[in-house]
Each structure stands twice: as structure tokens, then as C-alpha cells.
Amino acid sequence: MSLVDRVRTSIESALSRLASGGALGEKGPRAITEARGWTVERPKRPEHGHYATNAAMVLTKAVGMPPRAIAEQLVGALADDAVIQSAEIAGPGFVNLRLRPRAIHEELAAIVAAGPLYGRKAAATGERVNVEFVSANPTGPITVAAARNGIYGDAIATLLELTGHRVTREYYINDFGNQVKAFAESVRLAHEGKPRGENHYQGAYIDEIARYLETRKPDPFAADDVELARTCITTMLHGVPGSKTLPGIRKTLSDLGIDFDVWFSEESLHRWGNVDVAIEKLRAGGYLVEKEGAVFFVAGGASAAKEREEKAAKDDKAQKAYRTEEDGRVVKKRDGAWTYFASDIAYHADKLSRGYDRIIDVWGADHHGYIPRMKNVLEALGLPAEKSEILIYQLVNILRDGEAVKSSKRAGNVITADEVMEEIDEAAGRKGAGRDALRFFFLSRSANTTVDFDLEIAKKKSLDNPVFYVQYGHARLCSILRKAEAIGRYDTVPASIDAWAKLDHPDELAIGLTLSRWPDVLAEAAALREPHRIVFYLQDLARDFQSYFTRMKADPVLPRDSTRQEPDWEKTWDHEKTIARLGWIRAIRAVYASALGAIGISAPERMELPQAAEEDT
RNA sequence: GCGCCCGUAGCUCAGCUGGAUAGAGCGUCGGCCUUCGAAGCCGAAUGUCGCAAGUUCGAAUCUUGCCGGGCGUGCCA
């Protein structure tokens, strides 16, 4: 049970004691079972205590007593509580609570014992979940915009794993249709040294692919366009060996910390006839109608469609809504070709056949109009609505020196994730710094927020990224523990709850309380699909303890070198206190590393000061 | 027109399953390195929470209407 839960339990039992003892009047016993909407919350101001409850205010109506009178009773009933040390009435009827240090010590001991497992749910206790994300067209490199999708989707997947679910990360390769055709044509034209048209891909990587394929045997250009397209897509996914500019989609994503379990080809759905099978299944269910030579998918089936159509005929308002989602979406065009929607139906039918409990798709906001039809298809295929989720994140605007750039893969003016990571790696003097910075940048905003990305500003300000502040904190903690190890007598954790007693500074206890919130933060971030909560939690934690360490310079955790040169230092130094505080530091580090891990960011044990930062002044 | 997202400090954004004096980073100004890492710390200034009405003991948070911005509204993918 978490610390907050223990607080809640204490209040609950205090209230029920009061009610059964008659202190809350006649209505008391009923009131406390009916009006359970009260909460235990964290006050914004530290002087309001560790926690506060609004129970007295919420109960006032049902009990028929003024809030402060109820609060007074509650304060009395909380005396001698095992968790709550003091309670006092404040404001309109809040009860501010301060916890016993011992209760916090118990939680810290639990954290140290659990280590990286603290806050996690046991593996494979939850659902089997398929998370499909990125799925960027494999006709060009991974852009910064696609990186947002990848980073968000991967974070969701990790959060689900940490909360007990079994997760499959999946990338849907759109290797079918007109774009792929244009892609192959572009490479062929580059090979032949001919100019490319408006509808072709313009980027320099097209030429690079052509040059590379020219070295392959048998000659890929001898094959037809379909075969060539497959070769081009493969090259895009795996990269050109040895090339810096074309490392391949898989490598780029892997550098971003994203590794997929399944790479699913759209083209294979057609090749193996799965599109026909899935469409026939819908037809059998009565979900397809033919109009004007084309085939439509209709939510709810043909009878529902007819009803709507009749209604639309006599009702002007319904007429307007007629052309909405439910009235049909084309799966097969008049010319007999499948739409993208048809592929998607077959693809999701395949996902369902693999036996997941939940299907999650991560899409950019430009696809949000597509949600209803996808949800309707999933239902038609037999997946209840609550078992599928389509997560939408707002788009990334690309700027250059403050100017908006209409970037497109076709025009070849995209900013790639690779170039951004490389720039930042270089500035920070550490491989992986770019990945960490990019992940932190995107995850520090809610998915509902549109973000501007300016490469010039990103380069210039790369070292201002708060991720380095947070990582620096972790490195400092590690440094202290290294030093403790070097001294030699502190490689032990507090042996019992009593051994923690010397950890009594209000700031130390407050940070301990923050650590105790980690399981709830993780659970909420996972349940709400909001990884940014973890980023903000981390920044709070980092600030709290970096502030503490600077302010506590006069009272260091470890004896200084000069102290240890005094002959009798071991007799006068408070070793118990040091051991307690080192236990606390271990707890901070454990939560810290867990939180960083949950959003896929490394927790470095050392960080060297980069050159650029020194010159900057 | 309709649908989704957004509008909070100079800038970028948290807070939105209702709670006390609305927060953080960056930027600005002023301090702190002989001692556990200065990628750090302390302090100061900065707000009609887009506007209006409603619900309530209490609204940045919920409801409705309006204003402004982004995205979508294909027999494109």
C-alpha cells in the first residue's frame, strides 16, 4: 500500500470511529458511507503540510454540520495515528496533515529494497497489447515529425510494459500504392540520369539509393517497377551500408531508442490475398454496399445505412449529415482498385487474428478524421469499442530561423531525426545525447500540443535542454555513492527502520514523500497515456534535491577529506546519520533511474562538462 | 458549415477526474565556487488563466455561447 493510501485509510477509519461514536450526529453513519467523494491531496505550499484532506468540506452537507466542526472532530480522531503525526484545521475546513518520519522511513526502506522494480507492476499480469506507431511511409528517411510519433508511441508502449502489460511494438510498412510507385520511378530516373517530375521524389537520397543499387548484382534496374520498388523499400529500411546520410529507417529508430517487434508489410496483405478475405468477411456481415460501381463500408451494416438514407431524403438536417462517416467509405474504387482503407481493414483484421486484448494505434492529428471509420471497422470485425484506442498527437511545425517551412518528403526538404541527433551528440560530446534530448523535448509536451521545431534554434540551444539538468542530477547522486564506496565503511544500507531515524531534515522527508509518489505517477501516466507527466515529475525531483545539496554544503552527507585527516574523526562523526542519508540517496537514485528509464532516456553515472559550455561565457 | 486540438508570465509550456496566495524552463536583473559535481544554488520583476454567461461553499479546471489559431472534412495515402 502506498503512503497516500495509508493516509487515506487512516482518515477513513477515523471517520468511521467518529460516526459510530455519534460525534457526527445522527446522519453521521450514513453520511460517511454515502459522501465518499473526499480526497487526499498534496498542498501546493509546504507550510500546509505533507498532505491535506477536504473530507470535512465534502461531508458538511450530508452530515449537517459546518466544515470546521467536522474538521475539529477529525483532528481529534487522528491523534496517535500510526502514519499521521499532526493534523490541523486550515482555511475553509481543510485538514492539513503531517506524516510521521517513521512512515516515510518505511517507504524509503521499501524503495531501496525494491530498487528498479519500485512502482512497477508484476510482468504479464495485464493485457496483451499491440501498439502500432511511426508507420511512416518508407519512401524517405525518418523526419523529426515522425520522430515525435515514434517517441510518443514507444513511451506509451514502455509505460504499458512497466504496468504489467505484454506489449508488441509494431510498424506498418506502407509499401503499396502510388507513393511506392513514384518512389521506384524516381530511383529509376536517377539511375538513368533523367530529370524527375513534380510527382517524383526530389531528395538527394534518391540519387544515393540509385548509386548504391547500381553496385548490386543482379542489376535491380533490370527488374520491373514492382520488383524495383521492393528493392528500394528494403534499402530505405535497412540503409545503404556505410552511408552516414542513409543509415536506414530501422537504424534511425533504433538510435532513437525505438525497436519494433513486428514490421508488417502492406504489400504482403495484397500479395497473400488477405485483403479479399477481410473484405469478404465484412460483406458476409452485411457491412458492404455497392453504389455507382464502387464498394462502400457502412458502419452498423446495410440496414442501418438504408435507414439513414431514408431519413436523409425527407429531413433537411439529416441531409447535411448524410455524407458523414456512417454513410459509407469506399473500399474498392469504381476502377476496381483497392483503397488504402481496404488495406487497413485487412491489416487490422490480421492484428485481431493474432489475439491481442487491446489494439492501440498512434496517429498524427492530420489523420484524426480517419478515426471513426477505423473504430467502426474494428467493431465490425468483432473488437468491442473499448478494446481499441487511437491516440492522436498534434503535429510538428518545421521552422527554419523562425520561418515556417512547408516540408514534404516528396520535395526533399525535410529535417531528419538523424541530423538533429548528430548535431546534439556533437555539442554535448556524448553519443546518445541527441536521442535523450529529442525524447525529452517531445515528451515534455502533452500530445495535445502542437510543437514548433526550429533546427537552427535546436542546434544553438541544444545544451539548454532540461534533460541534461535532470541527467546531471543523476550523475551527482552516483558521484556521492562512488565517494562513499571509496571511503569504505558506508557500503551498507540502514539495517532496520530505527536505523533511518537520523534522517529527519524536513527537506529530506519531503523528498522522501516525493519518491513515494512515483508508483502513482507511473500508473497515472500509463493509464492516461500521458508520458509527459513523468518528465515533469523528474524535473521536480531533480530541482528539489539539487537545491537541497547546494544548500546543505555546510552539513555534508560524507565526511570531507579534511575531516578525515583529523585523527579522531571516526569517533566524532555521526556514522548512523551518514548511513541513513546514503540509504536515502540510494532511494532517490533508484526512482530517478526508473523514471528516466520509463521514458527511454539514459541515466549516466558521469557527465563530462562539454567544451562548448565553457567557451560560451 | 461540421468535427478534433489549442488559447495560462516577454517566449516555450505544465496545471484541466473542481480546492487555499495560478507554477516550471528559457530570457531579464542582483547575489553565491578553498569543502559531497557551478550542466549547480539563492533572491527579484513579470499574469484581465482569449471574452461572456451559467453551475457551486469554491472555477484556469465543469456547461453553454462567442472570438482567435492549427488540423481535418477524397473513389489520396
Side-chain angles (χ1 to χ4, degrees), chain A residues 39 41 43-45 48 52 54 57-58 60-61 66-67 90-94 96 137 139 174 176-180 266 291-296 320-321 323-325 329-337 339-341 343-344 364-372 392-395 397 428 441 444-452 457 461 463-473 475-484 487 524 528 532-533 535-536 539-540 543 546-563 578 581 585 606-610 613-614:
Chain A
T39 57
E41 48 206 48
K44 284 178 203 144
R45 311 180 71 79
H48 289 154
N54 60 356
M57 283 140 78
V58 172
T60 186
K61 217 174 238 176
F94 286 103
N96 292 337
N137 278 323
T139 56
N174 299 134
F176 185 82
N178 294 330
Q179 294 183 96
V180 178
E266 178 185 2
K291 275 187 283 191
E292 298 151 17
V295 181
F296 291 72
K320 261 193 167 173
R323 275 229 50 85
T324 60
E325 194 53 50
R329 293 293 182 176
V330 176
V331 295
K332 193 174 213 170
K333 300 186 244 180
R334 222 178 317 176
D335 67 7
T339 61
Y340 178 81
F341 185 39
S343 303
D344 245 355
D366 54 342
H367 288 86
H368 83 262
Y370 200 73
I371 296 173
I392 294 295
Y393 63 93
Q394 296 301 309
L395 298 179
N397 292 323
F441 175 79
S444 61
R445 285 150 177 77
S446 126
N448 287 338
T449 303
T450 308
V451 314
D452 291 340
I457 292 176
K461 296 196 152 191
L463 293 176
D464 290 340
N465 193 309
V467 73
F468 301 122
Y469 172 81
V470 172
Q471 290 180 316
Y472 176 68
R476 273 181 94 172
L477 290 169
C478 293
S479 169
I480 293 167
L481 291 170
R482 272 196 301 273
K483 215 153 239 172
I487 290 173
E524 266 181 43
L528 298 171
H532 74 270
R533 286 164 181 268
V535 169
F536 285 90
Q539 289 191 88
D540 283 347
R543 207 176 19 253
Q546 300 232 55
S547 164
Y548 168 91
F549 271 97
T550 311
R551 283 182 289 110
M552 296 297 277
K553 280 205 160 147
D555 178 18
V557 171
L558 296 172
R560 295 174 188 136
D561 291 348
S562 56
T563 304
T578 293
R581 296 213 284 191
I585 286 170
R606 286 190 168 80
M607 281 176 87
E608 306 302 330
L609 194 70
E614 285 178 315

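As a basis for the values below, the full set of heavy atoms in this structure was taken, side chains included, without hydrogen atoms, waters or symmetry mates. Naming convention: chains lettered A, B, ... in sequence-line order (proteins, then strands); numbering from 1 in each chain.
- Nucleic acid contact class of A:F549 (heavy atoms, under 4.0 Å, all strands): base.
- Side-chain to base pairing of A:H367 with B:rG72: no donor and acceptor N or O lie closer than 3.5 Å to each other.
- For B:rA77, its base never sits under 3.5 Å from the side chain of A:D344 at any donor and acceptor pair.
- A:A447 comes within contact range of no nucleotide atom at all, as no heavy-atom separation falls under 4.0 Å.
- Judged by atom type and distance alone, A:N54 reaches the base of B:rG19 through a side-chain donor-acceptor pair under 3.5 Å.
- Look at the P atom in both B:rG68 and B:rA22: the space between them is 30 Å, to the nearest Å.
- Note on A:N174: nothing from the nucleic acid sits closer than 4.0 angstrom, heavy atoms only.
- A distance of about 33 Å separates the C1' atoms of B:rG27 and B:rU34, rounded to the whole Å.
- If you check every strand for non-hydrogen atoms under 4.0 Å, A:Y472 touches a base.
- Residue ring and nucleobase are stacked for A:H48 and B:rA20, with a centre distance beneath 5.5 angstrom and an angle between planes beneath 30°.
- Nucleic acid contact class of A:A428 (heavy atoms, under 4.0 Å, all strands): none.
- Nucleotides B:rG19 and B:rC62 are separated by 14 Å at their C1' atoms, to the nearest Å.
- Under a 3.5 Å cut-off, the side chain of A:R581 and the backbone N or O of A:P556 do form a donor-acceptor pair.
- Judged by distance alone, the side chain of A:T339 and the main-chain N or O of A:V330 form a donor-acceptor pair under 3.5 Å.
- A:E292 comes within 4.0 angstrom of a base, heavy atoms only.
- Among the protein residues, A:S479 comes within range of the nucleic acid bases, having at least one heavy atom under 4.0 Å from a base atom.
- Using cut-offs of 30° and 60° for the angle between ring planes, the A:Y340 and A:Y370 rings count as tilted.
- At a threshold of 4.0 angstrom between heavy atoms, the contacts of A:R445 are confined to the sugar-phosphate backbone, with no base atom among them.
- As rounded to the nearest Å, B:rG47 and B:rC41 have P atoms that lie 25 Å from one another.
- For the pair A:Y393/A:V451, no side-chain contact is recorded, criterion being any heavy-atom separation below 4.5 Å from C-beta on.
- Glycosidic conformation, B:rC33: syn, with the torsion inside 90° of 0.
- For the residue pair A:E266/A:S343, the side-chain donor-acceptor check at 3.5 Å is satisfied.
- Across all strands shown, A:N96 has heavy atoms under 4.0 Å from base atoms, whether or not it also approaches the sugar-phosphate.
- Residue-level contact check: A:A475 touches the bases, meaning some heavy atom is under 4.0 Å from a base atom.
- Within the 4.0 angstrom heavy-atom criterion, only backbone atoms of the sugar-phosphate kind lie near A:K61; the bases stay farther away.
- Judged by atom type and distance alone, A:Q179 does not reach the base of B:rC76 through any side-chain donor-acceptor pair under 3.5 Å.
- When only modelled atom types and interatomic distance are considered, A:R551 and A:S547 share a side-chain donor-acceptor pair under 3.5 Å.
- Backbone-only contact: A:Q546 has heavy atoms under 4.0 Å from sugar-phosphate atoms and none from a base.
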